[in-house]
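Written out below as structure tokens is the structure these notes cover.
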Number of protein chains: 2
Amino acid sequence: MTTKKQRIFAEAAQLFREKGYSAASMRDLAERVGLKPSSFYSHIKSKEEILQKICFDSAQKFTEGMERVEQSGGTSRQRVRALLGLHLRVALEDPTSVTVFNDEWRHLSEPALSRFVSLRKDYEHRFLRIIESGIEAGEFRAVHPQLALYTLLNALRWLHFDGKLSKQFSAESLREELEKILLHGLIVEKK
Amino acid sequence: MTTKKQRIFAEAAQLFREKGYSAASMRDLAERVGLKPSSFYSHIKSKEEILQKICFDSAQKFTEGMERVEQSGGTSRQRVRALLGLHLRVALEDPTSVTVFNDEWRHLSEPALSRFVSLRKDYEHRFLRIIESGIEAGEFRAVHPQLALYTLLNALRWLHFDGKLSKQFSAESLREELEKILLHGLIVEKK
DNA sequence: GTCTATAACTTGATAGAC
DNA sequence: GTCTATCAAGTTATAGAC
């Protein structure tokens, strides 16, 4: 059973994704939910409460995923592979929320903004350490670890264009393609 | 000599990048330029005119770059390498505008929006054909070309975080790192 | 070209009847 | 919990004095 509150959050995520948080009005949202604008202040406190929930729910998925990867044991290579899988899974599970999480978090106000940025930094830092370990162990090329991190994280951003592409592929085949490109590179090396 | 009009465009790009187009008000902009909000309607026609100029100026840089790459002759590998260089160059040349170009174009209204989307599609299509040729020629791994395209294009998005990183590296060393990661892959292959 | 003043409208949110 | 009515503030843009 989905409550009306859940309907509101789902429709809001969709709307924020389409128009951006600032350009999306509560009146737009009301129309989609089938309520008058004033009516959903019985369900939610403010427009920003919606943004906060979307952003922090997604953040939690990444944080929990990172937790599991760190505790799994395994080589850096296996860990990075697992993180690609994490990003893929979260993006396919709820592409709309992930888009908002990725693109609209900056419209959070304090103190939520600082809390969010801090979660994000923590996640990136842990991802970075895995890349660094891999380089030290000789599993990865000697790239600049932070450049590699940003390249990987952003390479995974198109996943939430929940358009034709993500429906055309199974999660498994998407993972294989991503691994080919990002981990083994586009170019066929001379043997 | 920089005209006041140029000042307005430059400050606007900065502001749109920081707050997003919708959340950035003409009052904010006026304050930065040192004018009353009404005054710069002597220089520009509307808020959207600014967005249009930023978006289409950047689009043109990519289109012209693609033109040069296509006419250069050379293998697909060399062409993709040149396109990495193009994205890098444009991003380093004017990181602020590129951010707006990347993230705020959706706030264009018709008919500019359709014109923009069409330019973008055209660019992506031409990039795609280069990837496809490379695969056919056996220069590139047999990846799904469109997935590779989106992965590459988005991998290059962090370049306009004109923060510490992009100042820490020369354009040339950035290019080398990107090539390592994207073209040769993170993983050290067994010989 | 810049200003003051303001038009015309949209914004998020609230009060209070039912 | 949903409505009508409305508020207070913010929005882009214009009119007209200087």
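Naming convention: chains lettered A, B, ... in sequence-line order (proteins, then strands); numbering from 1 in each chain.
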* To the nearest 10°, let me know how far the axis at one end of the helix from C:dG1-D:dC18 to C:dC18-D:dG1 is tilted from the axis at the other, five pairs an end. => 0°
For [X] and [N], what is the distance between atoms [atom1] and [atom2] respectively, to the nearest whole Å?
X     : N      : atom1 : atom2 : answer
A:I8  : D:dT2  : CD1   : P     : 8 Å
A:L35 : C:dG12 : CG    : P     : 16 Å
A:F40 : D:dT4  : CZ    : P     : 14 Å
B:K5  : C:dT2  : NZ    : C1'   : 17 Å
A:E31 : C:dG12 : CD    : P     : 14 Å
B:K4  : C:dG1  : NZ    : P     : 9 Å

* **N or O in side chain of B:K36 less than 4.0 angstrom from C:dG1 OP1/OP2** =>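 Negative; the distance criterion is not met.
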* B:F40 ring centre to B:R7 NZ or CZ under 6.0 Å, with the angle to the axis within 45°? -> no
* Within 45° of the six-membered ring axis of B:F101 and under 6.0 Å from that ring's centre, is NZ or CZ of B:R120 located there? -> yes
Is it true that [X] and [Y] have a side-chain N and a carboxylate O under 4.0 angstrom from each other?
X      : Y      : result
A:E139 : A:R79  : no
A:E67  : A:R126 : yes
B:K180 : B:E177 : yes
B:E49  : B:K53  : no

* B/S/- contact track for nucleotides 7-18 of chain D, protein heavy atom under 4.0 Å -> ----BBBB----
* To do: Determine the sole option in A:D94, A:V98, A:L86 for which the side chain to side chain contact (heavy atoms under 4.5 Å, CB included) test with A:K61 is passed.
  =>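 Testing A:K61 for a side chain to side chain contact (heavy atoms under 4.5 Å, CB included) against A:D94, A:V98, A:L86 leaves exactly one candidate, A:D94.
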* To do: Report the C-alpha separation of A:D28 and A:R32 in whole Å, then their side-chain angles, then the decisive distance to 0.1 Å, and conclude whether the salt bridge (Lys or Arg N to Asp or Glu O under 4.0 Å) test is met.
  => CA-CA 7 Å; A:D28 293 338; A:R32 295 202 184 190; over 6 Å; no
